[in-house]
Amino acid sequence: MAITRGFTGKQREKTEAERLPPGQALTNDFPVLSAGPTPQVKLENWMFTLKHGPQVIARWNWNEFNQLPQSKMKRDIHCVTTWSKFDTMWQGVMIDDILAAAGIDEATPFTLAHSYDDYSTNVPTADLTGGKAMVATLYDGKPITPDHGGPARLVVPHLYFWKSAKWINALQFTNSDTAGFWEERGYHMYGDPFREQRYSGD
Ligand SMILES: Nc1nc2c(c(=O)[nH]1)N[C@H]1C(S)=C(S)[C@@H](COP(=O)(O)O)O[C@H]1N2
Ligand SMILES: [Mo]
């Protein structure tokens with residue numbers, strides 16, 4: 001009996017036009033966008049915490065965190081201010097590996113990322129897992145510069161870049177979708193660039 005394999009073959013690469021979301025323009029620079037001043041976080045003071053609501057589940061210092069499995073991601077990024085940048089190179093720890101290290105099989109449906117500058121942003125947990133997001137410590141093979149979120153930043157490239165919290169210090173699992181810094185100020189709760197979800201109501 002013949003078995004129909006369907007479209008399991010290698011997919012055609014997307015063209016540049018297909019990779020650029022509506023309303024975006026390509027840039028080769030790497031603009032810096034921060035709501036406030038760049039916090040100076042010393043590696044010896046750096047801590048990354050996993051929380052469920054107010055409860056601490058796990059915590060790593062810099063050396064402990066860097067012993068977690070390392071992965072690389074090459075991805076296009078899209079800022080809501082309309083620039084996109086293709087093929088950015090990140091290295092760090094996938095959220096999947098952070099959850100595994102903490103022994104979490106099933107987190108709550110929503111997550112709030114928190115940062116050293118008191119920034120926060122919400123992302124559905126399913127958008128952080130399954131190889132979609134990481135806490136990055138290297139950009140282009142070098143430590144992430146302070147302006148771009150070093151020592152470590154969240155990278156969730158398939159959502160607008162404001163979801164990629166710079167200077168991250170915690171992921172907090174929440175039962176309900178809780179607005180972060182920009183979401184409280186009118187930006188979209190989800191932020192899919194290909195659906196142009198810039199502002200609440202889009
Ligand atoms: N902690 C923190 N993370 C942040 C921001 C911020 O102000 N504070 N700005 C966001 C916005 S709006 C964007 S577009 C990207 C910009 O990252 P970049 O400066 O590396 O380009 O970081 C996001 N992450
Ligand atoms: Mo942004």
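Both counts, for ligands and for their atoms, begin at 1 and track the order of listing.
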Okay, side chain of [X], backbone of [Y]: is any donor-acceptor separation there less than 3.5 Å?
{"X": "Gln91", "Y": "Ser71", "value": "no"}
{"X": "Asp96", "Y": "Gly130", "value": "yes"}
{"X": "Arg153", "Y": "Ala165", "value": "no"}

Looking only at heavy atoms, is any part of [X] under 4.0 Å from ligand 1, and if so is it the side chain, the backbone, or both, or is it neither?
{"X": "Trp162", "answer": "both"}
{"X": "Tyr119", "answer": "side chain"}
{"X": "Tyr139", "answer": "neither"}
{"X": "Tyr116", "answer": "neither"}

Can you tell me if [X] contacts ligand 1 (heavy atom of the residue under 4.0 Å from the ligand)?
{"X": "Arg153", "answer": "yes"}
{"X": "Gly149", "answer": "no"}
{"X": "Tyr187", "answer": "no"}
{"X": "Phe181", "answer": "no"}

Just by distance, with hydrogens left out, do [X] and [Y] show a side-chain donor and acceptor under 3.5 Å apart?
{"X": "Arg59", "Y": "Thr49", "result": "yes"}
{"X": "Lys166", "Y": "Ser34", "result": "yes"}
{"X": "Thr108", "Y": "Thr174", "result": "no"}
{"X": "Tyr190", "Y": "Asp177", "result": "no"}

To the nearest 0.1 Å, how far is [atom] from its closest protein heavy atom, and which atom is that?
{"atom": "atom 16 (C) of ligand 1", "answer": "Leu33 O, 3.5 Å"}
{"atom": "atom 3 (N) of ligand 1", "answer": "Lys166 N, 2.8 Å"}
{"atom": "atom 18 (P) of ligand 1", "answer": "His148 ND1, 3.5 Å"}

Any N/O of [X] closer than 3.5 Å to an N/O of ligand 1?
{"X": "Asp117", "answer": "yes"}
{"X": "Phe30", "answer": "no"}
{"X": "Val32", "answer": "no"}
{"X": "Ser164", "answer": "yes"}

Give the atom numbers and elements of ligand 1 that come within less than 4.0 Å of a heavy atom of [X].
{"X": "Cys79", "result": "14 (S)"}
{"X": "Pro31", "result": "18 (P), 19 (O), 21 (O)"}
{"X": "Ser115", "result": "1 (N)"}
{"X": "Ala35", "result": "6 (C), 7 (O)"}
{"X": "Ala165", "result": "3 (N), 24 (N)"}
{"X": "Trp83", "result": "21 (O)"}

Checklist entry - Just one of Val156, Val80, Leu33 clears the side-chain contact (heavy atoms from CB on, under 4.5 Å) bar with Trp162, so which one? => result Val80

Next on the checklist: Check for me whether the distance between the ring centres of His78 and Phe161 falls short of 6.0 Å.
Outcome noted: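 Between Phe161 and His78, which both carry aromatic rings, the centre distance is not below 6.0 Å.
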
Checklist entry - Mind checking whether Trp83 and Phe30 have parallel, tilted or perpendicular rings, split at 30° and 60°? => result perpendicular

Next on the checklist: Which label fits Trp90 and Tyr139: parallel for a plane angle under 30°, tilted from 30 to 60°, or perpendicular past 60°?
Outcome noted: tilted

Item to check | 4.5 Å side-chain heavy-atom contact, Trp46 and Tyr116 | outcome: yes

Item to check | Steps toward side-chain hydrogen bond (donor to acceptor under 3.5 Å, both in side chains) verdict (His188, Glu183) | outcome: CA-CA 6 Å; His188 200 276; Glu183 295 82 12; over 6 Å; no

